[in-house]
Structure formats: C-alpha cells, structure tokens
Amino acid sequence: MKKISIRKPDDWHLHLREGIVLKNIIRFSSEYFGRAVIMPNTKDPITSIDKAISYRNSIFEFLPSNTKFNPLMTIYLTDNISKDEIKKGFIDNVFFAAKLYPANSTTNSNHGVKDIKNLYKVFELMENIGMPLLIHGEVNDPNVDIFDREEVFIDKELFPIIKNFPKLKIVLEHITTSHAVKFVEENNIGATITPHHLHINRNAMFFGGLNSDYYCLPVAKREINRVALIKAATSGRDCFFLGTDSAPHLREWKAFCGCAGIFNAPVALESYLKVFEEENALDKFEKFASLNGSNFHNLPPNEEYITFVQEPNKVAEFVEIYDAKKMIGKIKPFHSGQTLNWKVYN
Ligand code: NCD
Ligand code: ZN
C-alpha cells in the first residue's frame with residue numbers, strides 16, 4: 001500500500017460562510033488543515049474588529065472543544081476603511097491580513113474597492129506594520145473581457161502597487177494564468193493555487209450545456225494556463241502555496257443565479273494529490289501544502305502530520321446540509337461522483 005506523510009497543511013484561502021452552512025461544512029477543513037485564512041466576504045462583510053471577533057467566535061462555536069484548527073481572520077477593505085481599525089486589529093492579533101476585492105469582481109464584493117488608489121495610504125500603513133495584503137486580482141471593468149481580467153489587473157493595478165510599496169507582503173490569490181505565474185516568480189510576492197484551476201480549463205463550463213458547477217472567479221482559462229499552473233504548483237518553488245478557495249453555494253442558488261464558486265473542501269487534498277502524482281511530484285507536495293505558505297508568512301509549520309494512502313476514494317454526489325434533523329439543502333462538491341485515488345489514513 002503506497003502511503004505518504006506530510007506536515008499538516010494550511011489553507012491560505014477559504015470561504016466558510018455563516019450559520020447553518022458554516023456549521024455543516026467546517027469539519028471538511030478543520031479536520032485536515034492546521035490553519036486557514038478565512039475570507040471576509042460574508043453577506044455583511046467583515047470590515048471591523050468587532051465583526052471579525054464575532055465571526056471568529058461563531059466559527060469556534062461549531063468546532064469541537066479540543067480542536068487545534070486556527071482560523072486566521074481577515075478584514076475586507078473598502079474605499080473608506082479606517083486605518084486605525086486596521087492597525088489596531090493587526091496589532092491585537094484579530095486580523096491576520098487584509099483582503100482586497102475590486103468592487104463587484106466576485107461573490108459578495110459589492111462593497112469592495114472602487115478605486116485602488118484610494119487605498120494607497122492603507123498600503124503604506126500595512127507595509128510599515130508588516131501586514132499581508134491578499135488580492136483578488138481581477139479588474140472589474142465590464143469592458144475588459146472576463147478571460148483577460150487577471151492579466152489586465154496585474155499590469156494596470158498590481159504592478160504599480162508593487163513599485164510603490166516594495167516591502168508590502170502581497171499574496172496574489174487563486175492565480176489562473178501563465179502571466180500570473182511569471183509575474184509572481186519575478187516580483188517577490190506569493191500566490192495561492194486552487195485544486196480546481198489545476199484540473200479544469202474553460203471548456204468545463206460549456207461541456208454538456210452551460211455548467212455553473214465549474215464557474216468560479218477568476219474564471220478558468222485556456223489549457224495552456226492550466227499547464228503553467230500545474231508546473232508552478234509542483235515545482236516546489238517557495239512563492240506558490242495551497243489555497244483552496246473552497247466556496248460553497250447551495251444547489252438552489254447555483255441553479256438560480258449560476259453564482260461563482262466551487263466547493264472543494266471535502267476533496268481538496270486528494271484533488272491536489274492526484275495532480276502531484278500525475279506529475280511525478282509527490283515529493284514536492286509537502287512544500288506546496290504545508291511549508292511554503294507558513295514560510296512566506298513567517299510562521300512555523302504545523303507540528304502534526306497527516307498520512308494519505310493510495311486507495312480508491314469515491315466522492316459523494318452531494319454534501320447534504322442539515323438544520324437540526326431536517327435537510328435544508330445540498331451542495332455539490334468538486335469531483336462529485338468521481339473516484340479519486342488517495343484517502344486520508346486514520
Ligand atoms: C468566491 C465566493 O463564492 O465567495 N467565489 C469564487 O468564485 N471564488 C469569491 C471569490 O473568492 O472570488
Ligand atoms: Zn475566494
């Protein structure tokens with residue numbers, strides 16, 4: 001039986017949602033990851049210390065009392081966010097990082113930033129106090145083709161940020177293009193890569209009819225980009241690390257609006273492992289999943305280990321969401337109904 005053991009991974013980009021959905025899905029992350037960076041795009045976004053504390057408390061409410069899982073909270077940047085709030089929240093260890101969503105670029109980002117220049121004073125503060133900036137790197141200009149929005153963001157917005165704030169710790173999140181791979185490698189920033197962008201290209205959304213199960217933002221691109229992402233993730237290079245961008249949407253909402261987001265938490269590690277195995281790069285998996293991210297953020301790696309065994313692993317069609325004993329909805333996980341070939345070994 002083939003097995004591999006690695007330090008427990010961290011998820012550097014995770015959507016946990018709230019309420020009943022949070023309660024039902026948190027275990028998929030908390031059992032297998034040491035830490036996770038929790039995205040602040042809740043319905044009422046996390047824009048203050050009080051909101052972050054109350055969100056963190058609600059997460060702990062649904063975790064077993066002996067959990068070691070550490071949710072790292074983020075503040076959602078807006079055009080008029082208070083610098084004092086950011087500074088105090090970071091110094092008091094409430095905020096791990098700040099998240100930049102260009103307004104209307106993705107799910108629950110309508111309060112996001114309309115003009116990034118408005119934040120330059122905030123970036124200056126963050127650079128001084130060593131607070132990481134996590135970026136959803138897509139322009140929100142409707143005149144820019146949706147498949148080009150990451151590339152245009154990098155050239156028009158990210159490049160000037162880096163030039164103006166060379167010491168600011170930046171993570172370009174869920175990268176989807178070879179352009180991003182090259183830019184990250186050349187500019188001393190970090191990047192997360194999702195499981196789904198390693199498995200699908202843009203054809204997936206149009207196979208067998210319009211299929212929103214594979215619609216996420218940034219949208220998957222051409223195959224040539226997927227290949228570049230696989231090379232980057234499996235290269236072992238320090239700047240690339242795991243961030244699932246697991247983003248659950250109830251079935252009814254996917255059906256109703258085709259909203260963006262792929263729920264991969266139930267299979268994320270097995271999904272990455274499939275790619276690393278196919279690339280003959282299992283020896284690089286620990287770097288990507290468990291070492292590069294913490295190293296980038298100057299944190300120690302997790303002390304615990306996790307073992308995976310090579311065994312058929314049938315993925316459920318749906319994850320059912322229960323309120324008390326009543327099922328109130330379903331969420332389709334990534335790889336729904338497929339059989340993967342790695343399992344967590346207990
Ligand atoms: C995310 C969500 O649903 O919150 N959706 C997505 O497609 N990735 C938001 C985001 O990270 O863009
Ligand atoms: Zn996300």
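Atoms within a ligand are numbered from 1 in the order they appear, just like the ligands themselves.
Ring centroid separation for the pair His197 and His174 does not come in under the 6.0 Å cut-off. You'll find the ring centres of Phe334 and Phe263 outside the 6.0 Å limit. Taking the ring centroids of His111 and Tyr101, they lie at or beyond the 6.0 Å cut-off.
Among all non-hydrogen protein atoms, the one lying nearest atom 8 (N) of ligand 1 is Asp245 OD2, 2.8 Å. The protein non-hydrogen atom at the shortest distance from atom 11 (O) of ligand 1 is His15 NE2, 3.0 Å. Ranking protein heavy atoms by distance to atom 5 (N) of ligand 1, first place goes to Ala260 O, 3.2 Å. Distance from atom 9 (C) of ligand 1 to its nearest protein heavy atom, with residue and atom name: Thr106 OG1, 3.3 Å. Annotation: atom 3 (O) of ligand 1 to nearest protein heavy atom, Arg17 NH2, 2.8 Å. Nearest non-hydrogen protein atom to atom 7 (O) of ligand 1 is Leu217 N, 2.7 Å.
Of all atoms in ligand 1, numbered sequentially from 1 with element shown, those under 4.0 Å from a heavy atom of Gly261 are 5 (N), 6 (C), 7 (O). Within ligand 1, counting atoms from 1 as listed, the ones closer than 4.0 Å to a heavy atom of His136 are 12 (O). Of all the atoms in ligand 1, the ones that sit under 4.0 Å from a non-hydrogen atom of Cys216 are 7 (O).
Side-chain N or O atoms of Lys99 include none that pairs as donor or acceptor with a backbone N or O of Leu77 at under 3.5 Å.
At a 4.0 Å cut-off, at least one heavy atom of Asn41 sits close enough to ligand 1 to count as contact. Ligand 1 lies out of reach of Glu173, whose nearest heavy atom is not under 4.0 Å from it. Between Met39 and ligand 1 there is no heavy-atom distance shorter than 4.0 Å. Not a single heavy atom of Lys99 sits under 4.0 Å from any atom of ligand 1.
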Discussion item. Pair Asp10, Asn302 - check side chain to side chain donor-acceptor pair (under 3.5 Å), show working.
Written reply: CA-CA 8 Å; Asp10 299 303; Asn302 294 308; 2.8 Å; yes
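For residue His13, an N/O/S atom approaches the Zn ion (ligand 2) to within less than 2.8 Å. Because the distance cut-off is set at 2.8 Å, His174 fails to qualify as a neighbour of the Zn ion (ligand 2), as none of its N, O or S atoms comes that close.
More than 12 non-hydrogen atoms from other residues, nucleotides or ligands lie less than 6.0 angstrom from NZ of Lys332. A 6.0 Å sphere centred on CZ of Phe256 holds no more than 12 heavy atoms belonging to other residues, nucleotides or ligands. Remark: Asn188 CG is loosely packed, at most 12 non-hydrogen atoms of other residues, nucleotides or ligands lying under 6.0 Å away. Around the OH atom of Tyr120, the shell of radius 6.0 Å holds more than 12 heavy atoms that belong to other residues, nucleotides or ligands. In the displayed structure, Lys343 atom NZ is contacted under 6.0 Å by more than 12 heavy atoms of other residues, nucleotides or ligands.
For the pair OD1 of Asp245 and NE2 of His15, the angle at the Zn ion (ligand 2) is about 90°; rounding is to 10 degrees.
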